[in-house]
Asks: 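Mind looking over this structure? Questions follow.
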Amino acid sequence: MADRRNLLALVLAAFSALVSATTGLAATPVSPPVVEYRIEVALDPATKILKGRERLTWRNPSADAVGELRFHMYLNAFKNGRTTFMRESGRQLRGDEAGRKAGDWGWIDVSSMKTAAGEELRPRARFIQPDGNDPDDQTVLAVPLSSPIPPRGGIVLDIVFEGKLPKIFARTGYIRDYFLVGQWYPKLGVYEPAGMRGRPRGGWNCHALHGNSEFYADFGNFDVSMTVPSRFVVGATGKRVAETKSGDTTTYRYVQENVHDFAWTADPRFQVTEFTFEAPRDVPADWAALAARKLEIANPQATLRPVAVRLLLQPGNDGARERYLRSTREALSFYGLWYGAYPYETLTLVDPPDDGMGSGGMEYPTFVTGGLANAFLTRWPFTRVRGIEVVTIHEVGHQWWYGMIGSNEFEESWLDEGLNDDAEARAMELAYGGRDMIQLPGGVGIDSISYRRFYYTGLPNLDPIRRCAWCYASGHSYGVNSYMKVGLFMAQLRNDLGPSAFARAQRAFFDEWSFRHPSTDDFFRTFERVAGRDLSTYRAIVEGTGALDWQVVTAKTSKPLPDEGVFDRPEGRVTLEDGRVALPAKDTTKKESEPEVYSSRVLFGNTGDWLHGAHARLAFEDGAILERELPAAAKWVRYEIRYKSRLAWAVVDPERKNVWDWNHLNDSKVLSSGKNEAKVLSKRAPLKYTGFAAWLLGLWNQLAWMLA
Amino acid sequence: MRSLLAGFRALSHGKLILLLALTTTLIGLGAAAPLGSAFSRDFGGTFAGHHVLRNHPTFAPSDVIDFLRENRALLSGVAGGSRYGVLLTVILQMFFAGGIVVVLGRGDFTFGQFFEPARRNFWHNLKCLFLFAVLLGVVFGAFLGGAYAVDKKLLADTPPDAAAGALFDWGVRIVAVLLWGALSLLYDFARAARRYSPSIGAWRAFGFARRALRGSWTRGLILFLFWLLLGGAAWLASIAAAWSLPAASPAAIGLLFLLQFLSLYVRSAVRVAAWGSYLEFLDHRAPAALARFRAARPAPDPFLARIPA
């Protein structure tokens with residue numbers, strides 16, 4: 001009976017998803033969800049041990065009979081130096097190093113796993129290595145079942161587990177009394193039915209924890225009770241529904257529906273700031289108007305709901321409080337307007353301590369960690385180095401691109417990190433203007449696009465954007481390809497499709513795929529449909545290493561050469577010298593004054609291997625401007641123009657719409673003949689900057705006087 | 001106070017300061033010269049130069065990034081070459097110091113009177129530098145190693161924002177500056193020993209410096225800190241003025257060059273002023289400090305007689 005109810009619910013959910021895909025309405029979460037977790041856990045701050053009981057309900061979403069369950073046991077990634085994660089990462093991540101002392105390691109054990117019928121499954125469970133041959137890796141636990149779960153059927157398991165948190169590293173762990181408890185419980189992998197994400201047959205998608213990968217899980221409901229000593233301040237995924245004191249401990253119960261993970265934190269030193277995000281008050285009016293215009297939606301702000309935001313700040317980081325709050329408002333406004341309303345009631349923002357940055361800059365559903373908020377970085381001259389804002393907007397943005405769009409971070413990290421990187425850049429630009437990332441005294445700074453180009457063009461171009469997270473040439477390549485390169489790709493796509501079509505396509509992608517698991521193909525399908533264009537060439541830069549480099553190869557202007565030589569004319573053969581007849585009889589008459597005509601020749605070329613068009617502009621000294629489109633299929637285009645004025649300059653992509661272009665230095669040429677502002681200014685620059693370099697080196701030399 | 005005033009009086013030796021400033025300017029220019037052609041190619045005759053000169057909010061950063069990437073090998077070469085520039089600067093400053101310690105505070109002098117003791121004291125100064133480097137390694141190695149051990153032992157479980165940690169860090173910084181000051185004074189005074197005893201060896205010169213400072217360490221360190229802080233502030237202010245000038249017109253670029261040279265001049269002036277103070281400080285203590293040496297009695301400096309009083 002229960003199975004029949006589940007089947008009906010799944011059919012309804014599938015129908016609802018189908019309807020939303022065709023009408024553009026937002027997808028609704030699957031109900032009842034694929035997984036439900038009810039967990040009770042106690043933390044011993046002295047030993048860093050978690051003792052937990054988990055009731056797991058799983059509903060088979062496929063038409064397959066499933067004879068095995070697969071669990072992520074992420075804490076085992078920190079068990080020793082021979083796990084897949086430790087081997088691949090070299091025991092370091094984002095500048096943070098794993099601890100090596102006895103108490104620094106982490107692990108998780110399952111001591112019991114019983115079915116509702118009382119069958120103990122633990123003895124037959126075994127660790128498997130689905131991605132390779134690291135026999136010491138214990139991050140995936142396979143649990144064979146005595147009887148397969150039928151299609152649309154379900155199973156309820158009671159699991160007893162014990163975990164030891166590592167010294168803080170790679171998103172989880174402890175430092176002193178600060179605990180960031182992430183990836184801490186036996187978490188079921190995703191059973192992907194046939195057809196999902198292009199899968200020919202149904203099966204588990206449950207990878208080992210890799211050095212460069214993040215996570216992938218099914219949407220579900222969580223009901224978690226955490227018991228800690230009462231002196232601790234606790235924050236967690238979801239909404240606090242109960243707080244029970246017993247002796248010197250307190251149990252906090254949090255619940256949240258339609259999320260795919262649960263994390264929590266505890267620290268007695270947290271300073272709590274709470275506020276409610278209210279769209280009418282917190283959304284800038286011009287942002288709403290802009291979104292409405294580009295999305296062609298009447299009032300995107302109307303759907304935004306209040307969100308109870310809770311900031312857990314480290315003492316000493318008071319200077320960051322307002323910046324955290326402002327950037328959280330900006331993130332909720334921007335993402336809510338452009339992609340869709342934040343559907344949850346709460347959002348918890350955690351400020352990690354300086355020596356706990358291994359847990360910084362991380363997203364979990366309704367729960368994110370910030371960073372770069374210490375007193376040093378919030379004082380002059382770093383007040384406009386917007387690390388806090390970038391991290392906060394990025395992590396809050398992950399509530400959309402990861403939280404609601406449940407892409408597979410193991411296999412297609414670009415769909416969450418990259419799309420979010422682009423969204424974060426746009427939010428930053430809207431909120432902070434041109435030099436949105438860094439503004440230092442003396443006019444030094446950098447904007448989001450330049451920042452991303454710095455990484456893209458500074459990296460050996462070895463990997464495509466789309467790869468499994470552990471398949472990149474290096475950790476750096478994973479990072480650049482998953483984040484910055486995608487940010488540039490999305491900006492290129494936006495420039496090419498136009499901001500409105502792009503915005504509508506991305507909104508449609510979000511609407512169709514929220515609370516589901518889309519793939520790269522799904523992304524392109526939605527964009528092609530909404531934009532009404534074939535985007536197959538763009539796949540070359542997502543699935544290949546295509547580069548673009550339009551440049552002005554040569555630009556010359558001169559008087560055209562006069563006719564010279566021997567010509568056969570109706571009146572007979574003549575020989576011309578300097579445009580005049582020299583033979584048979586020399587023309588000695590005074591040459592009539594002809595209007596001066598100049599011949600200008602410009603060769604544009606694309607030395608990259610990604611074929612893509614560009615706009616070209618040619619300016620003449622009399623002020624005339626010639627605009628031309630260089631076709632996508634062309635490797636080069638040559639113009640020869642005869643005009644009364646000399647060519648002053650030529651430039652390809654003057655507005656820099658081609659953010660994918662490798663080198664902007666060769667995009668223009670200012671001719672040395674004639675006089676024009678561009679020429680005058682460009683002549684001054686080498687003098688100024690050579691002097692500047694000499695000055696810097698002189699200062700450097702003078703520092704050596706400390707010794708001399 | 002007398003010593004400080006002597007430092008300010010030393011600033012009247014404009015040509016000496018100019019010599020030091022020009023030296024570093026020329027070395028800087030020499031090291032930066034290879035970049036000139038790269039700037040001409042990438043910024044001259046392109047819009048990139050235009051963007052950078054005008055500090056376009058979004059194009060200029062990209063152009064600078066592209067310039068750095070496209071000229072990576074050249075920049076690496078310039079950086080490598082600049083190390084030789086630093087070495088040359090150190091050698092030249094050692095050379096000049098040999099002259100400064102003899103002529104400063106004794107009225108006007110000619111370049112001939114300056115360069116002769118500079119040449120004569122060069123090897124002495126080189127040996128002093130060697131001893132200074134050894135001292136620096138030993139003292140700072142022990143100090144920083146000890147501070148690290150104390151930090152690990154006592155403050156490992158202290159939160160980063162705790163007052164104890166901040167106090168410890170500031171304590172380490174202050175002691176490090178004072179240690180640096182003490183060693184710098186020893187080094188400078190050892191070089192200055194040649195002012196009073198033209199044939200004194202490096203080892204004994206350090207002994208002379210130690211004796212000269214006995215009982216006057218505080219005053220010596222005050223002199224050091226005065227010129228460090230005042231000079232540092234003046235130097236940084238001049239750098240900030242040059243750094244923040246957005247120069248696009250020829251006149252503004254000319255002014256920028258002037259400000260840049262000014263910052264190099266300020267650093268040179270501060271060095272000369274510090275020497276002026278140190279030498280006045282030593283003039284009163286040198287006889288007593290030298291009297292302790294039996295082997296190295298002060299001999300008359302053959303060039304002193306030629307310098308007008």
Side-chain angles (χ1 to χ4, degrees), chain A residues 176 269 314-317 353-355 374-375 433-435 441-443 445-447 449-451 453-454 457-458 649 651 654 656 663-672 678-679 681-702 704-708, chain B residues 24-25 27-29 31-33 35-36 39-40 42-50 52-55 57-59 61-63 65-67 69-70 78 82 85-86 89-90 93-94 97 129 132 157 159-161 184 239-240 242-244 246-248 250 253 256-257 260 263-264 267-268 271:
Chain A
R176 299 178 312 281
R269 304 171 75 245
Q314 290 295 320
N317 287 0
D354 287 354
D355 52 356
N374 70 28
R435 303 268 171 99
I446 194 166
D447 59 294
I449 291 292
S450 301
Y451 174 81
R453 285 191 72 253
F454 169 73
T457 60
W649 47 261
V651 58
R656 298 212 170 161
N663 182 5
H664 287 318
L665 296 175
N666 58 24
D667 288 356
S668 61
K669 274 204 192 305
V670 178
L671 273 69
S672 56
K679 179 191 163 192
L681 284 176
S682 69
K683 284 231 167 200
R684 284 177 206 156
L687 177 70
K688 176 178 171 180
Y689 293 106
T690 305
F692 185 78
W695 177 56
L696 288 183
L697 290 167
L699 292 175
W700 174 238
N701 290 338
Q702 287 198 335
W705 290 11
M706 302 279 278
L707 283 175
Chain B
T24 42
T25 304
I27 293 173
L29 266 175
L35 283 172
F39 281 125
S40 291
D42 291 334
F43 285 176
T46 69
F47 276 18
H50 194 163
V52 176
L53 207 65
R54 293 287 189 204
N55 201 8
T58 55
F59 290 2
S62 264
D63 289 325
I65 286 165
D66 288 348
F67 178 83
R69 186 195 60 247
E70 294 298 311
V78 168
S82 75
V86 169
T89 304
V90 170
Q93 291 304 318
M94 273 194 306
L129 175 65
F132 175 58
D157 289 328
D161 57 286
S184 286
I239 290 172
W243 184 270
S244 55
I253 292 173
L256 175 70
F257 287 165
Q260 288 171 341
S263 69
L264 299 175
R267 176 71 176 97
S268 308
R271 192 70 185 105

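Chain naming here is simple, since letters A, B, ... match the order of the sequence lines and numbering starts at 1 in each.
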Asks: Nearest heavy-atom pair of A:Ser668 and B:Ala48: which atoms, and what distance?
Replies: OG-N, 4.4 Å
Asks: Under 3.5 Å, is there a donor on one side chain and an acceptor on the other for A:Asn701 and B:Arg267?
Replies: no
Asks: Can you measure from OG1 (B:Thr89) to CD (A:Gln702) and round to the nearest 0.5 angstrom?
Replies: 8.5 Å
Asks: Measuring heavy-atom distances to chain A, does B:Ser40 have an atom under 4.5 Å in its side chain, in its backbone, in both, or in neither?
Replies: both
Asks: Could you check if a side-chain atom of A:Asp667 sits within less than 4.5 angstrom of a side-chain atom of B:Phe47, using non-hydrogen atoms only?
Replies: no
Asks: Against chain A, work out which of B:Ser244, B:Pro159, B:Pro246, B:Gly36 has the most heavy-atom pairs shorter than 4.5 Å and name it.
Replies: B:Pro159
Asks: Taking side chain as everything from C-beta outward and backbone as N, CA, C, O, which of these in B:Phe67 sits under 4.5 Å from a heavy atom of chain A? Side chain, backbone, both or neither.
Replies: both
Asks: Looking only at heavy atoms and a cut-off of under 4.5 Å, which of A:Pro315, A:Gly445, A:Pro654 has the most pairs with chain B?
Replies: A:Pro315
Asks: So, do B:Asp42 and A:Asn666 sit near enough that their side-chain heavy atoms are less than 4.5 Å apart?
Replies: no
Asks: Could you look at B:Leu29 and say if it's the side chain, the backbone, both or neither that has a heavy atom under 4.5 Å from chain A?
Replies: both
Asks: Drop me the distance from A:Thr690's OG1 to B:Leu35's CG, to the nearest 0.5 angstrom.
Replies: 7.0 Å
Asks: Restricting to non-hydrogen atoms, name the atom on A:Ala704 and the atom on B:Val90 that form the minimum distance, rounded to 0.1 Å.
Replies: CB-CG2, 3.8 Å
Asks: B:Leu53 vs A:Arg684, test: side chain to side chain contact (heavy atoms under 4.5 Å, CB included). Steps then yes/no.
Replies: CA-CA 8 Å; B:Leu53 207 65; A:Arg684 284 177 206 156; 3.9 Å; yes
Asks: Mind ranking A:Trp700, A:Tyr451, A:Tyr689, A:Phe454 by heavy-atom pairs under 4.5 Å with chain B and telling me who comes out on top?
Replies: A:Tyr689
Asks: For B:Ser263 and A:Trp695, which I'm curious about, is there any donor-acceptor pair between the side chains at under 3.5 Å?
Replies: yes
Asks: To the nearest 0.5 Å, how far apart are NE2 in A:His664 and CD1 in B:Ile65?
Replies: 9.5 Å
Asks: Tell me, side chain or backbone of A:Pro441 under 4.5 Å from chain B's heavy atoms, or both, or neither?
Replies: backbone
Asks: If I measure from the heavy atoms of chain A, does B:Leu264 come under 4.5 Å with its side chain, its backbone, both, or neither?
Replies: both
Asks: Tell me, do B:Val86 and A:Leu697 make a side-chain contact under 4.5 Å, heavy atoms counted?
Replies: no
Asks: Can you name the ring pair (Phe, Tyr, Trp, His ring centres under 6.0 Å) partners of B:Trp243, sequence neighbours left out?
Replies: A:Phe692
Asks: Salt bridge check, B:Asp63 against A:Arg453: does any charged N sit closer than 4.0 Å to a carboxylate O?
Replies: no
Asks: At a heavy-atom separation under 4.5 Å, does B:Glu70 approach chain A through its side chain, its backbone, both, or neither?
Replies: side chain
Asks: To check you understand the geometry: which heavy-atom pair defines the closest contact between B:Pro160 and A:Asp355, and what is its length?
Replies: CG-OD1, 3.3 Å
Asks: Does A:Asp447 have any side-chain contact (heavy atoms from CB on, under 4.5 Å) partners at least two apart in sequence or in another chain, and if so, which?
Replies: A:Asp436, A:Ile449, A:Ser450, B:Thr58, B:Pro61
Asks: Supply the atom-to-atom distance A:Lys688 NZ to B:Phe43 CZ, rounded to the nearest 0.5 angstrom.
Replies: 10.5 Å
Asks: Does any non-hydrogen side-chain atom of B:Phe59 lie less than 4.5 Å from one of A:Arg656?
Replies: yes
Asks: Please report the interatomic distance CZ(B:Phe39) to CG(A:Leu687), rounded to the nearest 0.5 Å.
Replies: 11.0 Å
Asks: Tell me the closest heavy-atom pair linking A:Arg176 and B:Asp157, and the distance in Å.
Replies: CD-O, 2.9 Å
Asks: Which one wins on heavy-atom pair count under 4.5 Å against chain B: A:Asn663, A:Asn317, A:Ile446?
Replies: A:Asn663
Asks: Give the minimum heavy-atom separation between B:Asn55 and A:Arg435, together with the two atoms involved.
Replies: OD1-NH2, 2.5 Å
Asks: To the nearest 0.5 Å, tell me how far A:Leu699 CG sits from B:Gln260 CD.
Replies: 8.5 Å
